[in-house]
Student: 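If you scroll down you'll find the structure; I have some questions about it.
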Protein chains: 2
Amino acid sequence: MVASLVGDPARANMLTALMNGRALTASELAQEAGITPQTASSHLSKLEAGGLVEPEKQGRHRYYRLTDDDVAGVLEGLAGLAARTGHMRVRTGPKDPALRRARICYDHLAGDLGVQMLDTMRERNLVRQKKQDIELTAEGERFLAKHLQISPDMLAHPRRPVCKACLDWSERRHHLAGTLGAALMQRFAELKWASRDATPGSRVVNFTRAGEKQFAALFGNAND
Amino acid sequence: MVASLVGDPARANMLTALMNGRALTASELAQEAGITPQTASSHLSKLEAGGLVEPEKQGRHRYYRLTDDDVAGVLEGLAGLAARTGHMRVRTGPKDPALRRARICYDHLAGDLGVQMLDTMRERNLVRQKKQDIELTAEGERFLAKHLQISPDMLAHPRRPVCKACLDWSERRHHLAGTLGAALMQRFAELKWASRDATPGSRVVNFTRAGEKQFAALFGNAND
DNA sequence: TTCATGCTTCGATGGTAGCCGAAGCATTGT
DNA sequence: ACAATGCTTCGGCTACCATCGAAGCATGAA
């Protein structure tokens with residue numbers, strides 16, 4: 001039964017954490033629920049079997065999101081009923097520093113700027129996205145060659161795809177991975193637009209003032 | 001949390017029994033859930049504390065009903081989620097298989113056979129169902145008159161509808177209520193097809209061998 | 001009053017499910 | 001190649017909670 005799935009406090013915490021529409025990894029959900037990863041794994045497989053959440057594999061991570069709006073709707077309804085009796089559950093907001101702004105995801109740009117970049121590329125028909133698969137358009141190739149001196153033959157790789165949608169850690173939306181994503185990040189570094197933070201282990205990417213301006217000129221969106 | 005209240009099978013059975021909008025006494029709900037009155041009392045106080053049901057005292061009875069339409073709406077939403085995964089509720093409630101097979105719901109037939117009867121009537125255009133409302137067709141009237149000697153004027157009643165969809169507790173689907181449902185059950189008894197179980201308080205309906213055969217001839221479905 | 005019915009509370013029991021430690025895969029990084 | 005990380009599976013332990021018997025209050029009837 002679905003209700004019993006939601007009834008368990010640990011699972012309810014996980015689902016509540018997913019209510020903002022973003023996807024979370026199994027470990028993050030474990031932390032949200034205050035349980036160990038192995039317990040969380042058990043819960044998540046039950047939620048998946050019940051059709052409440054859907055997994056998306058990304059490297060060695062496993063992102064979970066609510067299956068669809070129907071699930072979210074029912075959860076909201078339950079929350080509404082709970083609110084009437086005064087039993088409300090507090091949702092702690094994402095408490096991330098400037099790491100959310102820009103950081104390295106493997107070898108490409110992630111964070112707010114990374115998501116923004118892919119958004120803009122999609123808007124301007126530089127790429128076409130279908131679920132996880134992203135395809136570089138002819139218009140996109142021209143754009144890359146003209147503004148960033150990136151040619152298609154630089155992106156060829158025997159096993160790795162040129163473009164790939166990668167789920168963003170902080171924004172919970174897709175950013176651009178693949179050889180193109182890596183090439184773009186590399187070019188940003190070469191152009192001194194941005195560089196990885198000096199502190200070891202940090203994944204923060206620091207943009208220079210000039211670099212941020214140039215980046216915005218190419219990939220900035222309207223309300224920026 | 002609200003969901004954990006609904007999550008328990010016994011409580012879910014009670015709530016489902018209340019989904020038709022009518023109020024039921026604590027003992028009736030206990031019977032519906034297949035548990036003893038003292039267990040039901042515990043459950044009902046929890047449901048009341050959770051704001052899902054409201055009691056109404058009447059003599060030495062205590063009638064319970066769903067608090068409002070919001071509660072019913074959320075319950076339907078949950079049922080919807082359960083239905084689409086095909087992951088219907090596990091029947092842990094009542095032990096009595098005979099009770100699931102055929103029983104009295106107020107004054108009409110419920111259980112597997114009751115649901116089956118309405119299904120067949122719908123298939124053969126004897127009735128037309130739109131949500132909770134059921135309408136007897138001209139074809140249905142002929143059928144009833146021919147095979148069961150039931151005429152439309154026998155079904156007239158100032159306030160009670162002729163046909164009504166009643167949510168079946170064990171099958172989670174509709175069976176036929178209203179004056180027609182009552183008339184059918186009465187006719188089954190008169191024809192010695194079936195009779196209520198002798199043990200006082202029991203809601204089981206026992207079909208005779210011949211009665212079951214006749215019933216199947218009229219309302220049996222293909223895969224039976 | 002006395003009895004019967006409907007419901008609740010109390011106490012004890014048992015089954016179930018959440019939980020974690022340890023170990024096993026899978027993927028990635030060096 | 002090896003190590004590190006993320007996640008899963010397995011086994012056992014434990015705590016919770018539904019369940020029922022027995023007894024205690026109510027209300028209504030005789």
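Just so we're on the same page: letters track the sequence lines, and every chain starts at 1.
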Student: Just so I know, are the side chains of Leu218(A) and Phe143(A) near enough to count as touching, which here means a heavy-atom distance under 4.5 Å?
Tutor: yes

Student: Rounded to whole Å, please give me the gap between CG in Asp8(A) and P in dT16(C).
Tutor: 17 Å

Student: Collect all protein-nucleotide pairs involving nucleotides 8-13 of chain C in which both atoms are nitrogen or oxygen and the distance is under 3.5 Å.
Tutor:
{"residue": "dT8(C)", "atom": "OP1", "partner": "Arg62(B)", "partner atom": "NE", "Å": "3.2"}
{"residue": "dT8(C)", "atom": "OP1", "partner": "Tyr64(B)", "partner atom": "OH", "Å": "3.3"}
{"residue": "dT8(C)", "atom": "OP2", "partner": "Ser41(B)", "partner atom": "OG", "Å": "2.8"}
{"residue": "dT8(C)", "atom": "O5'", "partner": "Ser41(B)", "partner atom": "OG", "Å": "3.0"}

Student: Would one find a side-chain N or O of Arg11(A) under 4.0 angstrom from OP1 or OP2 of dG18(C)?
Tutor: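 Result: yes.
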
Student: If you look at every heavy atom in Ala40(B) and Ala30(B), which pair is closest and at what distance?
Tutor: CB-CB, 3.6 Å

Student: What's the OH-C1' distance between Tyr63(B) and dT5(C), to the nearest Å?
Tutor: 14 Å

Student: Rounded to whole angstroms, how far apart are CZ on Arg60(A) and C1' on dT30(C)?
Tutor: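 Nearest whole value for this atom pair: 12 Å.
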
Student: Could you label the plane-to-plane angle of the Phe207(A) and Phe188(A) rings as parallel, tilted or perpendicular, counting under 30° as parallel and over 60° as perpendicular?
Tutor: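 Geometry flag for Phe188(A) against Phe207(A): tilted rings.
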
Student: Just the rounded figure in Å: distance from P of dT28(C) to NE2 of His108(A).
Tutor: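 These atoms are roughly 12 Å apart.
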
Student: With Tyr64(B), which of Glu54(B), Met14(B), Glu48(B) fulfils side chain to side chain contact (heavy atoms under 4.5 Å, CB included)?
Tutor: Glu48(B)

Student: Which nucleotide in the set dG6(C), dG21(C), dG18(C) lies at the smallest distance from any side-chain heavy atom of Thr36(A)?
Tutor: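 Given the options dG6(C), dG21(C), dG18(C), the side chain of Thr36(A) is closest to dG21(C).
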
Student: I'd like to know if Arg187(B) and Glu190(B) make a salt bridge, using a cut-off of under 4.0 Å between side-chain N and carboxylate O.
Tutor: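 Salt bridge present between Arg187(B) and Glu190(B).
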
Student: Quickly work out the Gln31(B) CD to dG6(C) C1' distance and round it to whole Å.
Tutor: 12 Å

Student: Check this one for me: any side-chain N or O of His43(A) less than 4.0 Å away from OP1 or OP2 of dC19(C)?
Tutor: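 Indeed, a polar side-chain atom of His43(A) lies that close.
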
Student: OP1 or OP2 of dA18(D) versus the side-chain N and O atoms of Lys46(B): is any pair under 4.0 Å?
Tutor: yes

Student: To the nearest angstrom, how far is Asn13(A) atom CG from dG18(C) atom P?
Tutor: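 After rounding, the reported distance stands at 14 Å.
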
Student: How many angstroms lie between CZ in Arg11(B) and CG in Leu52(B), if you round to the nearest 0.5 Å?
Tutor: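 If I round to the nearest 0.5 Å, the distance is 9.5 Å.
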
